[in-house]
Amino acid sequence: MGELWRLLKLFAPYRGWILSGALLALLTILSNFGLLALSGWFLASAAVAGLGGIATQNLFNFFTPAAGVRGFATVRVVSRYLERIVTHEATFRLLSRLRSWFYARLEPLAPAGLQGYRAGDILSRIVADIDTLNNFYLRVFTPFLVAGLAALIMAGFFALFSWTVGLTLLLFLAVAGLALPLLTERLGAKLGREMTNINADLRVQLVDGMQGMGEILTYNAGPVVRAHAAALNDQLIQRQGRMSVITGWGSAGMGLLTNLGMWCIVILAIPLVVHGHLSGPELPMLALGSLAAFEAIAALPLAFQFLGQTREAARRIFAVADQPLPFADAPGPAPQPRRLDLRLTDVHLRYADSARPALDGVDLEVAQGSRVAVLGVTGAGKSSLVNLLLRFYDYQEGRVQFGGHELRDYPGDNLRRYFAVVSQRSYLFHSTVRDNLLVAKGDATEDELWEALAVAQLDEFVRAQPAGLDTIVGEGGVKLSGGQGRRVAIARAILKNAPWLILDEPTEGLDPVTEMEFLRDLQAVMAGRTVLYITHRLIGLEAMDRIYVLEDGRVLESGDYATLLRRGGQFTRFATFRGAFEALSAPQS
Ligand SMILES: Nc1ncnc2c1ncn2[C@@H]1O[C@H](COP(=O)(O)OP(=O)(O)O)[C@@H](O)[C@H]1O
Ligand SMILES: [Mg+2]
């Protein structure tokens, strides 16, 4: 129950909406009960009066009960309508509260704290589990609250006429509303859990399959993937079938108990009428009223079903939300940096799940306004430097000073303002060119967008598209070439207009000609900025003020291009590779 209590506390800001919705639902049920009970009494009384001859007919007051019937019928309709409006409004408010609450928990965890989850799994939690949680209010909380209150009020009303009849109604309501649903819920609990899990698996499968569509088609793996999804689907359908059998028996039981309850009440009430404890017309009033009373608990079987699902979803959501932060963000206020110099002294960074440190005692300096390169083979620890600078991961030992303050003292959001990053993996959202640019500066004007595109040398291409800035780039930018995608990333960097520019293998995956053009156009962006250029190739390094050669998380040597070349250390290995490569690719004569 702990999870549900937490859920209720999350909903607390909307308790006004929640309680008004419940109150209107209660009013609807009570007016339906009133309508039927009064009608039963009214019809019987009218019949009795009719049998009694003209005198009694004239004495009988038709008008008050008739007005009551109309009143109840009107209230029922109006309150049901208002109930729908209020509960739907409340549902949407709760949904957005839940989503933003979960997102706020998720964001500081990314990326270090979410490494253990697959993308589809997180998606499934955000979409499906939050939707399920949202059922809690409409389908669990409100029905239970309303059923409890309505049952007590209606049984109390019957008890005014006869204690035994009142208690009998309460007993039947309890059996039909609590015992029966608990039984079916117990029978279906394991199925429900399995269905939630299969659903989640299926979603992961589908998202994964979509993302890997290219590979699947190329390697003809479609049938295997399809068979796997079909198998999961079959499992799901099979369980849904078994669940329907259980719910079917549940509703049959409910119908049986409703009618049995009415009969018991009639049988109990007849002697009371015979002995004069009840008037004749009160008998049909009790009978019809008891039928209406069961409306109060009609939603409970579903509520019990949702109760199980909701608790499962709540457990899954809270499990992610309760993950300890990988490291604490600086509380602020943000330090005021002086010159934006960077100095790393004996820095060690180890990822949580790896045996060997990615950065193993790195010393490195980048003065404001200079251009510094970090050169190293794959796995040397270059991107880990970026992860460290952007506070995606924390360093365990050593000092990192940025602008004269320890990097740790900057809140991550504040720190990231100083850096624009262009990398091989700069992500393009499945949206328009415009939206992809606005990521960097939400309030950029049309002119600013075009200026950025011009510096990135992408303006002509975008202008040539029929939709212009509103051209859809496709998922992950599939509708753009590699070079164009990278240029969108550059335009973003320009829009952000940060004093530092980090380039993490920005030309990786581009062909040599595009690469040369791209590097040339990058010069315009580098102008006036501090540049950290990360690469595993020598191309473009001549223009750098200083080059650090990184291997296995350690700096092997550093210096400018000419010095390193003269020294003949590890750096020349890269130079030799390049020489060998150029010799290989030179046209043979
Ligand atoms: N998120 C991560 N979690 C665990 N290990 C990582 C992570 N990122 C990188 N590594 C490991 O750290 C080492 C350095 O990686 P990285 O900094 O990405 O190298 P580079 O960018 O030079 O190719 C590698 O051994 C890599 O496997
Ligand atoms: Mg890398």
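Remember, it's 1-based here, ligands and their atoms both numbered in the order they're listed. All residue numbers in this chain count up from 1 along the given sequence. Predicted, not measured: the structure shown is a model, and the values here were computed from it.
For the pair G376 and ligand 1, no heavy-atom separation below 4.0 Å is found. Contact between L550 and ligand 1 is absent, with no heavy atom of the residue lying under 4.0 Å from the ligand. Using a 4.0 Å cutoff on heavy atoms, E505 does not count as a contact of ligand 1.
With W500 as the aromatic partner, R417 does not meet the cation-pi criteria of under 6.0 angstrom to the ring centre and within 45 degrees of the ring axis. Cation-pi check for R520 over F518 is not met; the charged atom does not lie both under 6.0 angstrom from the ring centroid and within 45 degrees of its normal.
A salt bridge links R339 and D341; the closest N-O separation between the charged side-chain nitrogens and carboxylate oxygens is under 4.0 Å. Using a 4.0 Å cut-off between charged nitrogen and carboxylate oxygen, R434 and D470 count as a salt-bridge pair. The pair R566-D560 fails the salt-bridge criterion, with no side-chain N (NZ, NE, NH1 or NH2) lying under 4.0 Å from an Asp/Glu carboxylate O.
Ligand-side atoms of ligand 1 in range of V377: 22 (O), range being under 4.0 angstrom from any heavy atom. Counting the atoms of ligand 1 from 1 in the order shown, those under 4.0 Å from a heavy atom of Y393 are 1 (N). Remark: ligand 1 atoms within the under-4.0 Å shell around heavy atoms of T378 are 23 (O). Near R356, meaning under 4.0 Å from one of its heavy atoms, ligand 1 places the atoms 25 (O). Counting atoms of ligand 1 from 1 in the listed order, those under 4.0 Å from a heavy atom of S384 are 14 (C), 15 (O), 16 (P), 17 (O). Heavy-atom contacts of D353 reach the following atoms of ligand 1: 4 (C) (cutoff under 4.0 Å).
The shortest contact between atom 9 (C) of ligand 1 and any protein heavy atom is with Y351 CE1, 3.4 Å. Among protein heavy atoms, the minimum distance from atom 19 (O) of ligand 1 is reached at G381 N, 3.3 Å. In this structure, atom 23 (O) of ligand 1 lies nearest to the protein heavy atom G379 N, 2.7 Å.
By the 3.5 Å distance cut-off applied to N or O atoms, S354 is not counted among the residues near ligand 1. Polar contact check, S383 against ligand 1: a nitrogen or oxygen pair lies under 3.5 Å apart. Among the atoms of A358, none of the N or O lies under 3.5 angstrom from an N or O of ligand 1.
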_Walk me through whether F318 and W101 qualify under ring pair (Phe, Tyr, Trp, His ring centres under 6.0 Å)._
CA-CA 11 Å; F318 288 134; W101 170 83; 5.7 Å; yes
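Between F402 and Y410, the angle of the ring planes goes over 60°, which puts this pair in the perpendicular group of the 30/60° scheme.
Counting heavy atoms of neighbouring residues, nucleotides and ligands inside a 6.0 Å radius, atom OH of Y427 exceeds 12 of them.
Residue Q570 comes nearest to E557 through the heavy atom pair N-OE2, 2.8 Å, listed as atom of the first residue, atom of the second, then distance. R391 and D394 get closest at one heavy-atom pair: NH1-OD1, 2.7 Å.
For atom 27 (O) of ligand 1, the nearest protein heavy atom is 4.0 Å or more away. Note that atom 14 (C) of ligand 1 has protein non-hydrogen atoms nearby, at separations under 4.0 angstrom.
Contact annotation: S423 places no N, O or S atom under 2.8 Å from the Mg ion (ligand 2).
When non-hydrogen atoms are compared, ligand 1 lies under 4.0 Å from neither the backbone nor the side chain of D504.
No side-chain donor-acceptor contact under 3.5 Å links T507 to the backbone of L510. Judged purely by atom type and a 3.5 angstrom limit, T132 uses its side chain to pair as donor or acceptor with the backbone of A128.
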